[in-house]
Amino acid sequence: MPASGAAYDRAAQFRAEWPAVGDCDLRDAILTRDLTLTRSAPGIPCLITDGVLIDPYTGNRVTYDRGVNDRAVQIDDVGSLYNGWTTGAHNGDQATREGFATDPLNLLAVDGLTNETKRHHDASEWIPANPAYQCTFATTQIQVKHKYGLWVTPSEVAALGVLLRAC
């Protein structure tokens, strides 16, 4: 049975800011990994100023332009932090929760509006519309939950099973 989300506080329990990765932060590292046709700030190759995302969740093309449409591309926690909190992270220590929140395995550049609809839902409540990404989504959910000792609810087991049987 999932724990109550009443005590959930994303910034306090998982991460208040993106950690540094060299001269930039983890957000820019994920943008560098996931976007194409990127340009970076002069002299700071990891600071992405613009690029193109083929959103894995929808298959749509999304243009990112720092300072103009920053919210068009967001970094999603594939296994949401809220879901992680309610399925075991509340029992863990701060370092483990921060690891979960900053693990590149669990981070993905996605369409901002789609990310906002996904929010903190688990795999039984939300799956990507893009059928080509559903197997990867299910596999990532399982890998992340296993790595951080989080449990899978019966409804998640059923939903992930449906996705994996279609792979």
Side-chain angles (χ1 to χ4, degrees), residues 5 8-38 40-41 44-66 69-90 92-123 125-130 132-150 152 156 160 163:
Y8 172 76
D9 181 336
R10 180 186 181 111
Q13 295 154 341
F14 289 95
R15 88 173 163 255
E17 299 178 4
W18 290 108
V21 176
D23 292 334
C24 293
D25 62 26
L26 182 57
R27 182 179 190 280
D28 281 302
I30 300 301
L31 291 174
T32 300
R33 182 192 72 189
D34 294 351
L35 272 62
T36 61
L37 304 173
T38 58
S40 57
I44 310 173
C46 63
L47 183 63
I48 301 303
T49 59
D50 56 87
V52 173
L53 172 72
I54 303 303
D55 176 45
Y57 289 166
T58 63
N60 296 334
R61 179 187 169 105
V62 182
T63 302
Y64 171 75
D65 189 357
R66 184 183 296 266
N69 65 347
D70 291 345
R71 303 288 298 162
V73 173
Q74 297 177 12
I75 307 303
D76 182 41
D77 299 284
V78 178
S80 81
L81 301 184
Y82 179 85
N83 177 255
W85 176 260
T86 62
T87 60
H90 64 283
D93 61 30
Q94 185 70 23
T96 301
R97 287 193 303 268
E98 288 177 10
F100 170 58
T102 60
D103 189 334
L105 172 66
N106 193 36
L107 298 173
L108 186 65
V110 299
D111 169 67
L113 292 175
T114 302
N115 188 41
E116 290 170 12
T117 63
K118 177 184 177 275
R119 298 191 58 227
H120 60 258
H121 297 299
D122 69 29
E125 300 166 318
W126 188 93
I127 59 169
N130 180 6
Y133 194 75
Q134 291 174 351
C135 290
T136 302
F137 178 79
T139 302
T140 301
Q141 290 273 332
I142 293 166
Q143 290 172 327
V144 167
K145 286 199 172 234
H146 175 74
K147 183 174 182 176
Y148 292 96
L150 306 174
V152 182
E156 287 176 286
L160 292 168
L163 292 177

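None of these values were measured; they are calculated from a predicted model. The figures here come from the full heavy-atom set of this structure, side chains too, leaving out hydrogens, waters and symmetry mates.
Looking only at distances, a side-chain donor or acceptor of Q141 sits under 3.5 Å from a matching main-chain atom of V78. Q13 places a side-chain N or O within donor-acceptor distance of the main-chain N or O of D9, the cut-off being under 3.5 Å. When atom types are taken as modelled, the side chain of Y82 and the backbone of D122 share no donor-acceptor pair closer than 3.5 angstrom. Listed for the N106 side chain is a donor-acceptor partner under 3.5 Å among the backbone atoms of G79. Proximity of a side-chain donor or acceptor of Q134 to a complementary backbone N or O of P128 within less than 3.5 Å is detected. Side-chain atoms of R66 never come within 3.5 Å of backbone atoms of L47 as a donor-acceptor pair (strictly under, hydrogens ignored). Listed for the T38 side chain is no donor-acceptor partner under 3.5 Å among the backbone atoms of L35.
With sequence neighbours excluded, the residues that form a side-chain contact (heavy atoms from CB on, under 4.5 Å) with C46 are D23, C24, I44. Legend: residues meeting salt bridge (Lys or Arg N to Asp or Glu O under 4.0 Å) with R97, ordered by chain and number and at least two apart, are absent. N60 meets the side-chain hydrogen bond (donor to acceptor under 3.5 Å, both in side chains) test with T58; sequence neighbours excluded. Evaluation of the side-chain contact (heavy atoms from CB on, under 4.5 Å) rule for P45 yields S40 as partners, not counting sequence neighbours. Partners of D34 by salt bridge (Lys or Arg N to Asp or Glu O under 4.0 Å), not counting sequence neighbours: none found. Not a single side-chain hydrogen bond (donor to acceptor under 3.5 Å, both in side chains) links T140 to another residue, sequence neighbours left out. W126 is linked by a ring-ring contact (aromatic ring centres under 6.0 Å, His included) to Y57, F137, counting only residues two or more places apart in sequence or in another chain. With sequence neighbours excluded, the residues satisfying side-chain hydrogen bond (donor to acceptor under 3.5 Å, both in side chains) with T96 are D93. With sequence neighbours excluded, the residues satisfying side-chain contact (heavy atoms from CB on, under 4.5 Å) with A72 are V62, N69.
Nearest heavy atom pair, residue L31 against residue A109, reads CD2-CB, 4.4 Å. The minimum heavy-atom distance linking L150 with G88 is given by the pair CD2-C, 3.8 Å. Across F14 and A101, no two heavy atoms sit closer than the pair CB-CB, 3.8 Å.
The number of heavy atoms from other shown groups lying within 6.0 Å of CZ (R119) does not exceed 12. Remark: E17 CD is loosely packed, at most 12 non-hydrogen atoms of other residues, nucleotides or ligands lying under 6.0 Å away.
Between Y133 and L108, the closest side-chain pair of non-hydrogen atoms falls below 4.5 Å. Using a 4.5 Å cut-off on side-chain heavy atoms (C-beta onward), I75 and W18 make contact. Here the side chains of Q143 and L105 are in contact, with some heavy-atom distance below 4.5 Å. Within the 4.5 Å cutoff, the side chain of Y64 has no heavy atoms near those of the L53 side chain. Between D28 and V21, every side-chain heavy-atom pair lies at or beyond the 4.5 Å cut-off. For the pair V152 and L160, the minimum side-chain heavy-atom distance is below 4.5 Å.
With values rounded to the nearest 0.5 angstrom, T102 atom OG1 is found 6.5 Å from L26 atom CG. Within the model, atoms CZ of R27 and CD1 of I48 stand 10.5 Å from one another, a figure rounded to the nearest 0.5 Å. Summarising the geometry, atom CZ belonging to R61 is positioned 5.5 Å from atom OG1 belonging to T63; distances are rounded to the nearest 0.5 Å. Interatomic distance, CG of N130 versus CG of D111, reported as 12.0 Å (0.5 Å rounding).
With no hydrogens or angles considered, no side-chain donor-acceptor pair links N83 and S80 at under 3.5 Å.
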Quick one: do T86 and Y8 satisfy side-chain contact (heavy atoms from CB on, under 4.5 Å)? Show the steps, please.
-> CA-CA 8 Å; T86 62; Y8 172 76; over 6 Å; no
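Pairs of residues two or more places apart, or lying in two chains, that qualify as salt bridge (Lys or Arg N to Asp or Glu O under 4.0 Å) and include a residue from residues 69-90 are R10-D77, R15-D77, R71-E116, D76-K118. Sorted by first and then second residue, the salt bridge (Lys or Arg N to Asp or Glu O under 4.0 Å) pairs with a member in residues 137-150 read D103-K147, K145-E156; sequence neighbours excluded.
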